[in-house]
Protein chains: 2
Amino acid sequence: MNGDLYNIGQAAKASGISAKMIRHYEEVGLLPAASRTFSNYRTYNHQDVHMLRFIRHSRDLGFSIKQIGDLLSLWRDKNRPSSKVKSLAADHIEMLNKKIEELNTMKSELSRLVSCCHGDDRPDCPILDSLSAD
Amino acid sequence: MNGDLYNIGQAAKASGISAKMIRHYEEVGLLPAASRTFSNYRTYNHQDVHMLRFIRHSRDLGFSIKQIGDLLSLWRDKNRPSSKVKSLAADHIEMLNKKIEELNTMKSELSRLVSCCHGDDRPDCPILDSLSAD
DNA sequence: TTTAGATCTTACCATCATGGTAAGGTCAAG
DNA sequence: CTTGACCTTACCATGATGGTAAGATCTAAA
């Protein structure tokens with residue numbers, strides 16, 4: 001095998017992104033169209049795999065595909081002001097905080113109800129009572 | 001208007017669930033098929049709206065449609081053991097905790113990166129550095 | 001060299017909860 | 001009777017991912 005080239009399966013293994021998703025990212029324009037072998041197989045080089053890993057790390061931090069597109073642009077722009085990256089990341093932290101708060105609200109309320117419920121064989125249940133309250 | 005009957009828009013307002021979603025819940029079997037007027041409009045009575053509110057409260061606590069189906073069964077079963085409700089709710093709390101933890105992990109890591117980034121006009125950026133690290 | 005099995009290609013469908021739109025029927029008030 | 005608000009169904013879209021099927025291609029072993 002050409003030491004420099006990966007097919008999609010190898011790129012997937014090397015990057016931690018499934019082949020399925022690599023194709024998807026290409027389709028939605030997050031990735032440029034991969035070059036192809038004569039027999040129409042996609043090929044990737046080290047740089048491509050590097051970019052895939054960038055995407056993977058970004059996904060792991062919860063960035064959306066749209067946001068990752070912006071991050072990639074900034075990454076490629078060697079003259080970006082770091083302030084742009086920082087504010088993009090800060091926005092995302094805001095969104096994470098909002099979601100965390102929502103989930104915490106749910107959790108608190110539900111925990112309260114659960115702690116009120118006997119959880120035995122009798123039918124009385126403050127959880128159902130609360131859900132059916134007006 | 002018949003003091004006892006709601007059309008779908010009125011049921012939506014009274015329950016806080018959109019007409020769209022009421023139809024959807026019916027389609028996926030969470031709700032029994034609504035009765036219809038002669039002209040094929042869905043009609044709902046007080047009990048139906050009560051059930052819709054139950055669903056609404058359950059959604060507000062983050063239960064899935066599948067879980068709400070189970071909750072509704074327990075609600076209707078006047079002989080349910082409250083333990084069943086409690087364990088269903090406890091399972092959901094577990095899932096909420098898992099999600100919260102995931103988001104918190106993202107948030108911590110990203111916050112760390114953000115705090116390391118100058119956020120000025122220079123291109124050096126620990127956030128991008130970390131995302132592109134091997 | 002042939003062949004079997006792994007892997008590639010595209011093109012679909014599904015998830016989950018929700019929103020939107022379009023085309024057409026119905027109802028209520030003026 | 002008209003107008004506007006509402007209803008009906010039947011689609012499509014979101015966002016990120018997984019699945020499957022049918023067919024082409026590659027690779028390693030027999």
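Letters go in sequence order (proteins before strands), and every chain restarts at 1. Everything numeric in this text was worked out from a predicted model, so none of it was measured.
When the P atom of C/dT18 is taken as reference, atom CE of B/M21 falls 4 Å away, rounded to whole Å. Distance CD1 (B/I22) to C1' (D/dC7): 13 Å, rounded to an integer number of Å. Rounded to whole angstrom, the span from the CD1 atom of A/I17 across to the P atom of D/dA16 amounts to 12 Å. Distance NZ (B/K99) to P (D/dA16): 15 Å, rounded to an integer number of Å. Protein atom CD1 of A/I55 is 16 Å distant from nucleotide atom P of D/dG15, rounded to whole Å. Counting to the nearest Å, the P atom of D/dT14 and the NZ atom of A/K66 are 14 Å from each other. When the P atom of D/dG15 is taken as reference, atom CD1 of A/I65 falls 9 Å away, rounded to whole Å. We find that CE of A/M106 is positioned 12 Å from C1' of C/dA17, with the value rounded to whole Å.
Inspection of the B/T37 and B/T43 side chains reveals no N or O donor paired with an N or O acceptor under 3.5 Å.
Taking the charged nitrogens against the carboxylate oxygens, B/R112 and B/E109 do have a contact shorter than 4.0 Å, which makes a salt bridge.
Taking A/M21 as the reference, A/I17, A/S18, A/H24, A/Y25 meet the side chain to side chain contact (heavy atoms under 4.5 Å, CB included) condition, with sequence neighbours excluded. Residues that satisfy the side chain to side chain donor-acceptor pair (under 3.5 Å) test with B/E26, not counting sequence neighbours, are B/R42.
Between A/A90 and B/V114 the shortest heavy-atom distance is N-CG2, 4.3 Å.
Of the residues in residues 23-43 of chain A, those placing a heavy atom less than 4.0 Å from an atom of DNA chain D are A/H24, A/Y25, A/S39, A/Y41, in numerical order.
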Between A/D124 and B/S82, does the side chain to side chain donor-acceptor pair (under 3.5 Å) criterion hold? Intermediate values first, please.
CA-CA 6 Å; A/D124 322 87; B/S82 65; over 6 Å; no
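At the phosphate of C/dG19, OP1 or OP2 sits under 4.0 Å from a side-chain N or O atom of B/S18.
Checking C/dT7, D/dC7, C/dT18 against the side-chain heavy atoms of B/I8 singles out D/dC7 as nearest.
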